[in-house]
Amino acid sequence: MPELPEVETVRRGLTNLVEGAKIKRVDVPYPKVVTSDLKLFQKDLTGATIDRIDRRGKYLLFRLSNDQTMVSHLRMEGQYSVEPEGAALHKHTEVAFHLVDDRQLFYNDTRRFGRMTLVPTGKELHDVSGLKDLGPEPTEDALTLDYMKEIFHKSHRVVKTFLLDQSNIAGLGNIYADEVLWMTRIHPETTTDKISTRKLGELRENIIKEISRATEHHGTTVHSFSNIFGETGHFQNELQVYGRAKLPCLRCGTTLRKIKVGQRGTTFCPKCQIKK
DNA sequence: GTGAGTGTTTCGCT
DNA sequence: TAGCGAAACACTCA
């Protein structure tokens with residue numbers, strides 16, 4: 001589930017709980033989660049201190065004292081939890097970081113899609129595919145209208161799919177893509193080069209505003225997502241279209257429709273969002 | 001019990 | 001090269 005606001009919420013929680021903590025030992029009950037060399041992963045993390053936790057798009061970057069960075073992507077259902085030393089592994093714990101202060105940091109992932117890798121700090125952009133091709137963060141400064149015009153108008157892709165492509169804009173997922181298209185009154189199957197510059201300006205504003213609002217609300221909880229404190233976000237109460245198929249549009253009352261766009265469930269209003 | 005659907009990314013094919 | 005569809009896996013719901 002995690003999109004940018006959820007990952008940012010996790011980052012803040014982890015920063016509060018484990019920034020400055022030193023790692024004593026690393027157990028990896030599900031070795032497939034680590035895509036770099038497993039032996040080196042365990043060896044290099046042992047004795048390292050977590051100096052800081054950064055985020056880029058939906059990726060978490062654990063900056064370690066030994067000039068290594070652990071890159072972690074939660075994919076669908078990855079979660080971190082902090083437990084006292086000795087606490088039993090969860091059913092889906094894939095990695096257990098034992099800390100010297102008698103706590104342990106678990107990485108749990110029921111669907112086993114999440115991945116982590118250890119790379120030298122500074123090399124992560126080069127070594128981690130996906131991270132190196134990431135588009136700008138959806139912020140006022142990074143996501144300029146000039147950039148939007150350039151990428152949207154030179155492509156002929158369907159806008160919903162285009163927004164989900166992290167190399168265009170980092171951090172949008174299925175939920176917020178549906179939300180911002182509804183807010184901007186753009187049909188999800190509109191091709192990107194057909195969207196006027198004026199509309200792109202509105203879309204840009206809505207993306208920045210929506211991601212920022214969702215982050216303030218600690219993200220959206222659809223199924224199993226919870227933040228590091230085991231709390232759930234409450235932005236789902238703010239969603240206008242996602243998960244509301246067959247219910248009336250909150251703007252015009254028309255029944256919202258659900259279709260597939262590029263394999264992804266997509267909810268929209270057939271009256272407000274007309275295809276051009 | 002069975003089949004469809006689920007938040008993300010990568011990879012291979014055209 | 002750009003774009004599309006399938007695959008990775010486990011669980012829930014109809």
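Chain identifiers are assigned alphabetically (A, B, ...) following the order of the sequence lines, protein sequences preceding nucleic acid strands; residue numbering begins at 1 within each chain.
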A.B. asks: Rounding to an integer number of angstrom, what distance separates B:dG7 and C:dG3 when you compare their P atoms?
C.D. replies: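 23 Å, rounded to whole Å.
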A.B. asks: Kindly point out which of C:dC4, B:dT8, C:dC9 is positioned nearest to the side chain of A:Thr161?
C.D. replies: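 Per side-chain heavy atoms of A:Thr161, the pick is C:dC4.
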A.B. asks: Report the distance from atom CG of A:Asp109 to atom P of C:dC11, rounded to the nearest whole Å.
C.D. replies: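 A:Asp109 atom CG is separated from C:dC11 atom P by 11 Å.
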A.B. asks: B:dT9 phosphate, OP1 or OP2: any side-chain N/O from A:Ser129 under 4.0 angstrom?
C.D. replies: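 Answer is no, no contact under 4.0 Å.
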A.B. asks: May I ask you to evaluate whether A:Arg264 reaches the phosphate of B:dT8, defined as a side-chain N or O under 4.0 Å from OP1 or OP2?
C.D. replies: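 A:Arg264 to B:dT8 OP1/OP2: side-chain N or O found under 4.0 Å.
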A.B. asks: Determine which nucleotide pairs with C:dC4, using a 3.5 Å limit on both distances of a Watson-Crick or G-U wobble pair.
C.D. replies: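 Looking at the geometry, C:dC4 pairs with B:dG12.
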A.B. asks: OP1, OP2 of B:dT6 versus side-chain N and O of A:Lys260: anything below 4.0 Å?
C.D. replies: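 True: A:Lys260 side-chain N/O within range (under 4.0 Å) of B:dT6 OP1/OP2.
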A.B. asks: Expressed as a whole number of angstroms, how long is the span from A:Lys160:NZ to C:dG5:C1'?
C.D. replies: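 Going from A:Lys160 (NZ) to C:dG5 (C1'), I get 16 Å.
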A.B. asks: Any side-chain N or O of A:Tyr242 less than 4.0 Å from the OP1 or OP2 oxygen of B:dG7?
C.D. replies: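 For B:dG7, OP1 or OP2 has a side-chain N or O of A:Tyr242 closer than 4.0 Å.
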A.B. asks: Could you tell me how far apart A:Arg75 (CZ) and C:dA10 (P) are, to the nearest whole angstrom?
C.D. replies: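 In whole Å, C:dA10 P lies 14 Å from A:Arg75 CZ.
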A.B. asks: Would A:Arg257 and A:Phe268 count as a cation-pi pair here, with the cationic atom under 6.0 angstrom from the ring centre and within 45° of the axis?
C.D. replies: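 No, a cation-pi geometry is absent between A:Arg257 and A:Phe268.
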A.B. asks: Taking CD1 from A:Ile151 and P from C:dA2, how many angstroms apart are they, rounded to a whole number?
C.D. replies: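 Distance, rounded to whole Å: 13 Å.
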A.B. asks: Between C:dC9 and A:Arg112, counting only base atoms on the nucleotide and side-chain atoms on the residue, is there a donor-acceptor pair under 3.5 Å?
C.D. replies: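 Between C:dC9 and A:Arg112, which were checked side chain against base, a qualifying N/O pair under 3.5 Å is absent.
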A.B. asks: The side chain of A:Tyr30 lies closest to which of these nucleotides: C:dC11, B:dT6, C:dC9?
C.D. replies: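 Looking only at side-chain atoms, A:Tyr30 lies closest to C:dC9.
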A.B. asks: Atom CG of A:Leu164 to atom C1' of B:dT6: distance rounded to whole Å?
C.D. replies: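 These atoms are roughly 14 Å apart.
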A.B. asks: As a test of reading the structure: which of B:dT9, C:dA6, C:dC9 is closest to the side chain of A:Gln263, going by heavy atoms?
C.D. replies: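 My answer, after comparing the listed nucleotides, is C:dA6.
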A.B. asks: Does any donor atom in the side chain of A:Glu77 or A:His92 lie under 3.5 Å from an acceptor atom in the other side chain?
C.D. replies: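 Side-chain D/A pair, A:Glu77 to A:His92: absent.
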A.B. asks: Look at the side chain of A:Arg115 and the base of B:dT9, then say whether one donor and one acceptor between them are separated by less than 3.5 Å.
C.D. replies: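 For A:Arg115, whose side chain was compared with the base of B:dT9, there is no donor-acceptor pair (under 3.5 Å).
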A.B. asks: Heavy-atom nearest nucleotide on DNA chain B for A:Lys258 versus A:Gln166: which residue maps closer to 5'?
C.D. replies: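 By nearest-heavy-atom nucleotide position, the 5'-most residue is A:Lys258.
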A.B. asks: Could you state the atom-to-atom distance from CG of A:Leu131 to C1' of B:dT9 in whole Å?
C.D. replies: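 Between C1' of B:dT9 and CG of A:Leu131: 13 Å.
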A.B. asks: Would you say the side-chain atoms of A:Asp193 and A:His153 include a donor-acceptor pair closer than 3.5 Å?
C.D. replies: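 Checked: A:Asp193/A:His153 side chains show no N/O donor-acceptor pair below 3.5 Å.
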A.B. asks: Looking only at the side chain of A:His73 (C-beta and beyond, no hydrogens), which of the listed nucleotides B:dT8, B:dG7, C:dA6 gets closest?
C.D. replies: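 Nearest listed nucleotide: B:dT8.
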A.B. asks: I need the CG-C1' distance between A:Asp165 and C:dG3, as an integer number of Å.
C.D. replies: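 From A:Asp165 CG to C:dG3 C1': 10 Å.
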A.B. asks: If you only use heavy atoms from C-beta on, which nucleotide in C:dG3, B:dT6, B:dT8 is closest to the side chain of A:Arg111?
C.D. replies: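 My answer, after comparing the listed nucleotides, is B:dT6.
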A.B. asks: May I ask you to test the A:Leu163-A:Asn168 pair for a side-chain heavy-atom distance under 4.5 Å?
C.D. replies: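 A side-chain contact is absent here, since even the closest heavy-atom pair is not under 4.5 Å.
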A.B. asks: Using atom P in both nucleotides, what's the gap between B:dG1 and C:dC9 to the nearest angstrom?
C.D. replies: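 Between the two P atoms, the distance is 23 Å.
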A.B. asks: Paired with C:dC9: which nucleotide, if any, by Watson-Crick or G-U wobble criteria at under 3.5 Å for both distances?
C.D. replies: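 Here C:dC9 is not engaged in any pair, so there is no nucleotide opposite it.
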A.B. asks: Measuring centre to centre across the rings, with the benzene-like ring taken for any Trp, is A:Phe97 within less than 6.0 Å of A:Phe62?
C.D. replies: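 Between A:Phe62 and A:Phe97, which both carry aromatic rings, the centre distance is not below 6.0 Å.
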A.B. asks: Is it true that the side chains of A:Ser81 and A:Asn108 contain a donor and an acceptor less than 3.5 Å apart?
C.D. replies: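 There is such a pair between these side chains.
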A.B. asks: Roughly how many Å is it from CG in A:Asp133 to C1' in B:dT10, rounded to a whole number?
C.D. replies: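 Atom CG in A:Asp133 sits about 11 Å away from atom C1' in B:dT10.
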A.B. asks: For A:Phe162, answer base if it contacts any base atom (sugar-phosphate contacts may also be present), sugar-phosphate if it contacts only those atoms, and nothing otherwise; contact means non-hydrogen atoms under 4.0 Å.
C.D. replies: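 No contact.
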A.B. asks: Between A:Arg157 and A:His92, who's closer to the 5' end of DNA chain C by nearest nucleotide?
C.D. replies: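 Of the two residues, A:Arg157 wins.
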